[in-house]
There are 2 protein chains.
Amino acid sequence: MVTIAIIAAGAMGSGVAKVLTRNGVKVLTNLDNRSEATRRRAQEAGMQDASFEDISSTCDWVLSILPPSNAFSFAEKFLQHSTRSTRSPAPVFVECNAVNPATVHKIAALFRGSIFSFVDAGIIGGPPLDDYNPTFYASADEEALLDRIVGLSEHGLKISALKGEARIGAASALKMSYAGITKGTTGLFTTMILAAHQSSPATAEALMHELHASQPALLKRMSGVIPPMIPKAYRWVGEMSEIAGFVGDGEGDIYRGLSELYARIERSEKGDRQDSEVLAKFAKEAKEILEKK
Amino acid sequence: MVTIAIIAAGAMGSGVAKVLTRNGVKVLTNLDNRSEATRRRAQEAGMQDASFEDISSTCDWVLSILPPSNAFSFAEKFLQHSTRSTRSPAPVFVECNAVNPATVHKIAALFRGSIFSFVDAGIIGGPPLDDYNPTFYASADEEALLDRIVGLSEHGLKISALKGEARIGAASALKMSYAGITKGTTGLFTTMILAAHQSSPATAEALMHELHASQPALLKRMSGVIPPMIPKAYRWVGEMSEIAGFVGDGEGDIYRGLSELYARIERSEKGDRQDSEVLAKFAKEAKEILEKK
């Protein structure tokens with residue numbers, strides 16, 4: 001029987017765990033200092049509480065699924081509490097977080113000389129739900145590891161291995177590029193609606209009508225992606241900074257600016273909600289215009 | 001008979017002139033120190049060469065249609081050569097360039113106390129062609145001026161006045177917001193394709209396939225907007241800087257980064273064309289995937 005640890009039991013982690021337990025996999029997690037809500041989520045997903053020591057000595061796989069800013073510190077702490085063993089094949093640590101390839105390389109370096117093999121992964125899509133499964137893209141420095149992780153498909157996960165010249169860092173680069181396009185365009189829309197509105201409400205309204213006339217597909221996307229972004233913006237602040245680090249100097253400024261934009265939306269949500277309301281109103285009116293024939 | 005001056009006889013200026021001369025308007029321009037190609041374009045559009053002195057004393061309208069970096073210096077120079085007159089209604093200077101509202105306010109200040117009234121305009125769309133006409137959005141501090149400029153529709157132009165609380169700066173803000181969305185998203189796509197490819201060609205290929213599976217509308221847009229951007233990128237460097245100024249601190253970094261991105265594409269086009277080729281190949285393959293059923 002395959003045993004897999006998933007840290008932590010967040011929305012994504014517990015969703016993935018549910019798929020695995022439904023497919024007969026034993027799933028461990030660590031619930032030290034976790035909230036009641038997290039413990040309930042873990043229980044509902046069939047996850048069992050275990051210490052890092054137990055996880056390291058019994059699991060075939062450890063999936064790190066955390067907020068990006070916790071990825072490195074968790075890996076470090078987990079390794080400190082790992083027990084040495086000579087199991088074969090070696091257990092695999094899978095770094096699944098939305099961190100930039102440079103951070104992944106730093107985390108991979110921690111595992112060199114440890115009992116763990118290391119796979120870089122990037123999850124594209126939201127948590128599993130009903131028939132829907134996000135894709136785990138994986139890259140590694142040894143091809144045999146990729147074959148092993150693709151084997152997890154038998155337990156209900158959707159895995160895609162990056163082959164060719166792809167090494168550690170490639171899966172994270174893919175995740176960064178994809179989020180840079182999807183969450184990046186949403187950020188541009190947001191920035192421009194707010195800037196137009198700041199000029200005058202009439203400017204924002206004219207922008208909507210001009211987009212409707214000349215770029216209806218873009219307006220449709222704007223009306224769809226903005227409302228669900230508003231409550232999640234706080235989570236994207238760190239992800240945009242990771243992407244800025246991935247892109248590097250020069251164009252990296254684009255994502256430093258997008259990180260500031262999402263921080264602004266986070267402040268609005270916690271504060272006077274003025275920006276949030278301008279955005280929600282724009283999206284609602286755009287939808288109405290688009291639905292009018 | 002209405003007399004309109006258009007400075008300069010570029011692709012947009014001569015295209016607009018052609019519409020006007022076809023509709024019985026006398027169109028002047030100034031061809032001092034202009035190239036043979038520009039002179040030919042002006043002639044084909046039915047534009048007549050005239051000094052700034054003649055233009056200021058005979059024209060009802062002066063449309064400034066220039067690269068953004070020339071907008072202020074042209075306005076200054078034109079005013080220095082204007083002859084004073086007491087014509088009524090006063091001739092109108094229409095600032096049509098893709099400059100940020102702060103620059104428009106500086107240009108508007110030059111005209112205070114001159115013989116000219118001042119209208120802020122932003123042209124959205126490409127040069128007129130066959131039945132196609134771009135839209136001139138206009139804003140002004142006096143509503144009567146807006147009624148006058150809307151009157152130019154009788155001569156074949158497409159004019160839309162921003163009313164309500166919109167003042168000088170609003171039309172430029174609209175132009176900035178629109179370009180910030182259209183040219184901004186193209187810049188994000190470009191940045192991410194190059195970053196993914198730099199990680200490894202396999203990463204860029206996986207990005208394309210994932211977008212095809214989960215974001216086909218975005219991939220379709222990418223395949224369509226990237227090839228025509230490559231040879232025009234050099235013109236967008238300054239426009240992105242104007243938008244950065246419009247947005248201001250914080251999120252303005254997004255557009256400072258996009259200006260650097262387009263400068264990179266300009267360097268690639270003039271240099272080894274490596275980035276240009278990566279982008280063209282991605283767009284071509286994306287198109288092929290999208291067309292395969």
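Atom set for the values below is all heavy atoms of this structure, side chains included, hydrogens, waters and symmetry mates excluded. Chain letters run A, B, ... following the sequence lines, proteins first and then strands; every chain starts at 1.
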field: Heavy-atom check, side chain of Pro128(A) versus side chain of Val16(A), under 4.5 Å
entry: yes

field: Under 4.5 Å from any heavy atom of chain B - which part of Leu194(A)
entry: neither

query: Can you tell which of Leu207(B), Leu211(B), Thr185(B) has the highest number of heavy-atom pairs within less than 4.5 Å of chain A?
result: Leu207(B)

field: Test item: side-chain donor near acceptor, Tyr178(B) and Ser214(A), under 3.5 Å
entry: yes

- prompt: Between Val119(B) and Ser139(B), which heavy-atom pair has the shortest distance, and what is it?
  reply: CG1-O, 3.7 Å

message: So, taking the atom named CG in Asn97(B) and the one named CG in Leu63(B), what distance separates them when rounded to the nearest 0.5 Å?
response: 10.0 Å

field: Pick from Met222(B), Arg256(B), Gln215(B) with the largest number of heavy-atom pairs that fall under 4.5 Å of chain A
entry: Gln215(B)

message: Less than 4.5 Å to any heavy atom of chain B: does that hold for the side chain of Leu218(A), its backbone, both, or neither?
response: side chain

query: Nearest 0.5 Å, what's the NZ-CD1 distance between Lys232(A) and Ile230(A)?
result: 11.5 Å

query: Highest number of heavy-atom pairs under 4.5 Å with chain B: which of Glu210(A), Glu165(A), Lys175(A)?
result: Glu210(A)

- prompt: Under a 4.5 Å heavy-atom cutoff, which of Ser160(B), Ala202(B), Ala244(B) has the most pairs with chain A?
  reply: Ala202(B)

query: Under a 4.5 Å heavy-atom cutoff, which of Ser259(B), Pro201(B), Gly169(B) has the most pairs with chain A?
result: Pro201(B)

- request: Between chain B and each of Asp253(A), Leu258(A), Ile254(A), count heavy-atom pairs under 4.5 Å; write down the option with the most.
  value: Ile254(A)

message: Whether the Glu239(B) and Tyr262(B) side chains hold a donor-acceptor pair (N or O, under 3.5 Å, no angle test) is what I'd like checked.
response: no

message: Please classify the contact of Lys163(A) with chain B as side chain, backbone, both or neither, using a heavy-atom distance under 4.5 Å.
response: backbone

field: Heavy-atom pair count under 4.5 Å with chain A, highest-scoring of Glu260(B), Met192(B), Met176(B)
entry: Met192(B)

message: Please give me the minimum heavy-atom distance between Pro231(A) and Pro227(A), naming the atom from each residue.
response: CD-O, 3.3 Å

query: Do Phe118(B) and Val104(B) touch side chain to side chain, with heavy atoms closer than 4.5 Å?
result: yes

query: What residue, out of Ala171(A), Gly164(A), Ala217(A), Ala195(A), has the most heavy-atom pairs lying under 4.5 Å from chain B?
result: Ala195(A)

message: With rounding to the nearest 0.5 angstrom, report the OG1 to CZ distance, Thr103(B) to Phe246(B).
response: 12.0 Å

- line: Greatest number of non-hydrogen atom pairs under 4.5 angstrom with chain A, of Leu162(B), Thr203(B), Asp249(B), falls to Thr203(B)

Arg167(A) versus chain B, the contacting section by heavy-atom distance below 4.5 Å: neither

statement: Under 4.5 Å to a heavy atom of chain B? For Thr191(A) that would be side chain

